[in-house]
2 protein chains.
Amino acid sequence: MREAEKVFIGYLAEHNLRWTNQRKELLHLFLKMEKHLTIDDFYQIVQRKNDRIGYATVYRTLKLICKSGLAREVDFGEGKVRFEHKYAHEHHDHLVCTQCGKLIEIKSPEIERLQNKLAEEHCFEPTWHKMQIFGNCGECRK
Amino acid sequence: MREAEKVFIGYLAEHNLRWTNQRKELLHLFLKMEKHLTIDDFYQIVQRKNDRIGYATVYRTLKLICKSGLAREVDFGEGKVRFEHKYAHEHHDHLVCTQCGKLIEIKSPEIERLQNKLAEEHCFEPTWHKMQIFGNCGECRK
DNA sequence: AAATTAAATGAAGATGATTTTCATTATCAA
DNA sequence: TTGATAATGAAAATCATCTTCATTTAATTT
């Protein structure tokens with residue numbers, strides 16, 4: 001948490017941006033959140049804590065948090081983007097249940113190795129990837 | 001081409017939908033297209049051929065073509081969807097060059113096998129997946 | 001072939017997420 | 001403190017997607 005704050009402040013400093021009260025409050029709230037929130041989800045939560053913070057600031061701050069490397073945008077094809085912590089959280093992919101919407105985080109070094117191999121075969125230099133497997137989770141199959 | 005038309009007409013028939021001039025013209029144009037077009041890309045092309053076909057019809061027909069199994073939607077995180085032929089075209093994933101936008105289609109049975117294994121470990125029944133690897137293509141690395 | 005029924009079309013507008021504008025406020029550095 | 005500049009919040013603009021509705025067209029029935 002403290003660490004993450006340092007990362008964010010560092011990013012701001014590097015870019016001549018300011019460490020404001022809103023950014024502080026939003027960063028801490030965001031870091032406390034579990035799971036994957038849309039901008040609006042997060043805005044609703046923010047409202048309950050402090051209704052003087054506007055949507056635009058929430059929007060801009062989430063984008064900034066991503067740029068700082070503390071979060072990333074994920075898109076499950078819902079027509080809106082969700083935000084997910086990245087800090088102290090290894091890269092992973094998702095199983096997405098198309099019935100109940102549950103997300104399961106997965107990680108596979110073997111797959112990553114194959115991805116890199118595949119990229120190399122095409123003279124392609126990979127920087128990141130997205131992988132989602134859609135289907136039915138254990139609960140929904142019962 | 002003829003084959004694809006049959007598939008489409010078959011789908012229409014099964015659903016009590018009609019084989020109209022617009023649908024015919026749009027299907028044939030779409031099948032001739034290479035690469036991955038957005039709705040608007042395709043609408044622009046249609047306009048040049050026949051400006052009496054409206055955007056809504058283009059939109060609805062692309063959706064129909066997908067439902068018929070001849071195409072699928074792909075999302076490269078641009079905030080809009082692209083359409084890609086599927087007929088006589090095995091499932092594949094993409095390398096996406098973030099410099100020039102080039103797409104390279106890739107396929108890896110090993111990765112798919114690992115995906116299925118991973119899913120199974122989570123009692124998850126996979127139905128489909130999306131995988132995109134972003135980075136720099138051979139040209140752009142030079 | 002005419003009448004009937006139901007789907008398709010195109011124009012326009014609704015929707016909803018995202019992004020921008022702009023007047024005002026807050027931060028930072030000198 | 002002051003001046004320069006970034007940040008904020010409200011509102012509006014944008015943009016892709018999707019829907020509505022009056023009209024047209026296709027298919028079916030008489």
Side-chain angles (χ1 to χ4, degrees), chain A residues 8-30 36-68 71-84, chain B residues 8-30 36-68 71-84:
Chain A
F8 192 59
I9 293 176
Y11 175 85
L12 294 178
E14 275 171 36
H15 293 78
N16 271 333
L17 303 174
R18 289 164 185 174
W19 180 233
T20 63
N21 290 333
Q22 287 92 331
R23 286 179 180 167
K24 187 170 185 175
E25 188 166 348
L26 289 172
L27 176 67
H28 286 154
L29 245 181
F30 178 73
H36 308 74
L37 302 177
T38 63
I39 298 169
D40 201 64
D41 288 345
F42 189 50
Y43 175 66
Q44 299 304 330
I45 290 165
V46 169
Q47 280 291 292
R48 282 182 229 123
K49 285 266 174 187
N50 179 349
D51 64 4
R52 324 240 14 197
I53 296 182
Y55 185 95
T57 301
V58 171
Y59 163 79
R60 287 185 283 230
T61 303
L62 283 173
K63 291 281 185 183
L64 264 186
I65 292 173
C66 285
K67 285 194 191 154
S68 79
R72 66 166 172 153
E73 301 188 7
V74 287
D75 181 346
F76 299 117
E78 303 165 295
K80 56 195 162 187
V81 160
R82 293 177 178 274
F83 292 81
E84 160 180 280
Chain B
F8 193 60
I9 294 176
Y11 175 84
L12 295 177
E14 275 171 36
H15 293 76
N16 270 333
L17 304 173
R18 291 169 183 170
W19 180 232
T20 64
N21 291 333
Q22 286 92 330
R23 285 177 180 166
K24 187 169 185 179
E25 188 165 348
L26 290 171
L27 177 67
H28 286 155
L29 245 181
F30 178 73
H36 308 73
L37 303 176
T38 63
I39 298 170
D40 201 62
D41 288 343
F42 189 49
Y43 175 65
Q44 300 303 331
I45 290 166
V46 169
Q47 279 291 291
R48 281 182 230 125
K49 286 266 176 191
N50 179 350
D51 64 3
R52 323 239 15 196
I53 296 182
Y55 187 94
T57 302
V58 171
Y59 164 78
R60 287 184 285 228
T61 303
L62 283 173
K63 291 282 185 183
L64 264 186
I65 292 173
C66 285
K67 284 193 192 154
S68 78
R72 66 166 173 153
E73 301 187 6
V74 288
D75 180 347
F76 298 118
E78 303 165 293
K80 56 195 160 188
V81 160
R82 291 176 179 275
F83 292 81
E84 162 181 279

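Residue numbering restarts at 1 for every chain, and letters A, B, ... go by the order of the sequence lines. Just so it is clear, the values below take in all heavy atoms, side chains as well, and ignore hydrogens, waters and symmetry mates.
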Query raised in the report: Any donor and acceptor pair, going by atom type alone, linking the side chain of A/Thr57 with main-chain N or O of A/Ile53 inside 3.5 Å?
Result: no
Report task. Would you mind classifying the nucleic acid contact of A/Asn16 as base, sugar-phosphate or nothing, using non-hydrogen atoms under 4.0 angstrom? Result -> sugar-phosphate
Query raised in the report: How long is the line joining NZ of B/Lys80 and P of D/dT14, in whole Å?
Result: 16 Å
Query raised in the report: From B/Leu26 CG over to B/Thr20 OG1, what is the distance, rounded to the nearest 0.5 angstrom?
Result: 8.0 Å
Query - Earlier contact from the 5' end, DNA chain D, for A/Gly54 and B/Ile39 - result: A/Gly54
Query raised in the report: Are any of A/Lys63's side-chain N or O atoms less than 4.0 Å away from OP1 or OP2 of C/dT18?
Result: no
Requested in this report: On DNA chain C, check which nucleotide each of B/Arg23 and B/Asp51 is closest to and give me the residue with the more 5' one.
Outcome: B/Arg23
Report summary line: Between CZ of B/Arg52 and C1' of C/dA11 the distance, given in whole Å, is 12 Å
Query raised in the report: To the nearest angstrom, how far is B/Ile9 atom CD1 from D/dA27 atom P?
Result: 11 Å
Query raised in the report: OP1 or OP2 of D/dC18 sitting under 4.0 Å from any side-chain N/O of B/Tyr59?
Result: yes
Query raised in the report: Whole Å only: how far is the CD atom of B/Glu73 from the P atom of D/dA16?
Result: 15 Å
Query raised in the report: If you check every side-chain atom of B/Leu17, which of C/dT9, D/dA7, C/dA7 has the closest atom?
Result: C/dA7
Report summary line: Those residues at least two apart in sequence (or on a different chain) that pass side-chain contact (heavy atoms from CB on, under 4.5 Å) with B/Asp40 are B/Thr38, B/Tyr43, B/Gln44, B/Tyr55
Query raised in the report: Over how many whole Å does the gap from A/Asn50 atom CG to D/dG9 atom C1' extend?
Result: 12 Å
Query raised in the report: Starting at NZ of B/Lys24 and ending at P of D/dA26, how long is that distance when rounded to a whole Å?
Result: 12 Å
Requested in this report: Under the salt bridge (Lys or Arg N to Asp or Glu O under 4.0 Å) rule, what do A/Asp75 and A/Lys80 come out as? Steps first, then yes or no, please.
Outcome: CA-CA 7 Å; A/Asp75 181 346; A/Lys80 56 195 162 187; over 6 Å; no
Query raised in the report: Does some side-chain heavy atom of A/Phe83 sit less than 4.5 Å from a side-chain heavy atom of A/Ile65?
Result: no
Requested in this report: For nucleotides 21-30 of chain C, just jot down a letter per nucleotide in 5' to 3' order: B, S or -, based on protein non-hydrogen atoms under 4.0 Å.
Outcome: B----BBS--
Requested in this report: Find the distance A/Tyr43:OH to C/dT19:C1' and express it as a whole number of Å.
Outcome: 16 Å
Query raised in the report: B/Gln44 CD to D/dC15 C1': how many Å, rounded?
Result: 14 Å
Report task. Output the distance between atom CG (B/Leu29) and atom CZ (B/Arg48), rounded to the nearest 0.5 Å. Result -> 10.5 Å
Query raised in the report: Quick one: does B/Arg23's side chain have a donor or acceptor within less than 3.5 Å of a partner on B/Arg18's backbone?
Result: yes
